Amino acid sequence: FFGAPPTTATAAGRAQLAALNAIATNTTNNNAFDLKVYNATFTGDLFETSAGVAGAALGIERREESSSFQPDFLAFLNTEFTCLISSEACTTPTSGETSVNEVYGEVLIPILADVAFAERLNVSAGVRYSDYDSFGSTTNAKVGFEWKPMTDLLVRGTYAQVFRAPQIGDLFGGQTASSDSYTDPCNRYGSAQN
């Protein structure tokens, strides 16, 4: 709106609201998402230390994702990058599927227990191998510790490698209209000044 929004307090305001309501439309976009996860995990004790029992976990997992998005015909983006409603809502369909197979393992080893400045001190390590059908494979590891110097204080730390594979929207996303903006911090010149 330029100026104050229409109000029902005046005849002109009521006429403006009636005009806006007359051209208002409802749109319906259809989204579908399906996730299937198959996994198996095996856990058990490895050996005993003076501070407790070391344990391990091994597992395999498969994830299958599929997604589809169908915009309302009023929001369907045409070749001029416009549609029948506001340009910010213009888009095209998205549809795709991905899957990943993974193998992982983790171990927890008690180092100290019930000694001065260490009611408990544990270290952990893990590794995960992931094979994506749409991207490739990656191996990521982590190490961590858990230190409890006294009853009311617990300190944890973890160092981990992370990896983000492209999602369905990244790989198969439809086109959208956008009005990108920019600002040059050196001279305070921005797209709004064009």
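Keep in mind it's a predicted model, so treat the numbers as computed, not measured.
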Under a 4.5 Å cut-off applied to non-hydrogen side-chain atoms, are [X] and [Y] in contact?
| X | Y | result |
| --- | --- | --- |
| Asp133 | Thr98 | yes |
| Leu77 | Thr91 | no |
| Val127 | Thr139 | yes |
| Ser95 | Ser67 | no |

Measuring from atom [atom1] of [X] to atom [atom2] of [Y], what distance do you get when rounded to the nearest 0.5 angstrom?
| X | Y | atom1 | atom2 | result |
| --- | --- | --- | --- | --- |
| Ile168 | Ser66 | CD1 | OG | 6.0 Å |
| Ser68 | Asn31 | OG | CG | 7.5 Å |
| Thr41 | Glu106 | OG1 | CD | 10.5 Å |
| Glu61 | Tyr38 | CD | OH | 12.0 Å |
| Ser137 | Asn101 | OG | CG | 11.0 Å |
| Glu65 | Gln167 | CD | CD | 6.0 Å |

Checking the side chain of [X] only, and the main-chain atoms of [Y] only, is there a donor and an acceptor separated by less than 3.5 Å?
| X | Y | result |
| --- | --- | --- |
| Thr94 | Gly169 | no |
| Glu102 | Ser130 | no |
| Asn29 | Asp72 | yes |

Legend entry - Over 12 non-hydrogen atoms of neighbours within 6.0 angstrom of CZ in Arg62: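 Atom CZ in Arg62 is packed in, count exceeds 12.
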Legend entry - Full working for side chain to side chain donor-acceptor pair (under 3.5 Å) between Ser99 and Glu64: CA-CA 4 Å; Ser99 65; Glu64 300 172 355; over 6 Å; no
Transitive ILVMFWY side-chain link [X] to [Y], under 4.5 Å:
| X | Y | answer |
| --- | --- | --- |
| Val155 | Val123 | yes |
| Val115 | Ile111 | yes |
| Phe47 | Val107 | yes |
| Leu46 | Leu58 | no |

Legend entry - Residue pairs involving residues 96-140 (criterion ring-ring contact (aromatic ring centres under 6.0 Å, His included); sequence neighbours excluded):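 Of all non-adjacent pairs touching residues 96-140, those that pass ring-ring contact (aromatic ring centres under 6.0 Å, His included) are Tyr132-Phe163, Phe135-Phe163.
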Can you name the nearest heavy-atom pair linking [X] to [Y], along with the distance?
| X | Y | answer |
| --- | --- | --- |
| Gly96 | Phe172 | CA-CD1, 3.6 Å |
| Glu119 | Met150 | OE2-C, 3.6 Å |
| Pro110 | Asn122 | CA-OD1, 3.2 Å |
| Lys148 | Leu153 | CG-O, 3.2 Å |

Inset, instruction - Check the pair Trp147 / Leu112 against side chain to side chain contact (heavy atoms under 4.5 Å, CB included), numbers first and verdict last. - result: CA-CA 9 Å; Trp147 174 43; Leu112 296 172; over 6 Å; no
Inset, instruction - Apply salt bridge (charged side-chain N to carboxylate O under 4.0 Å, His left out) to Glu97 and list each qualifying residue two or more places apart in sequence or on a separate chain. - result: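 With neighbours one apart ignored, the set is empty.
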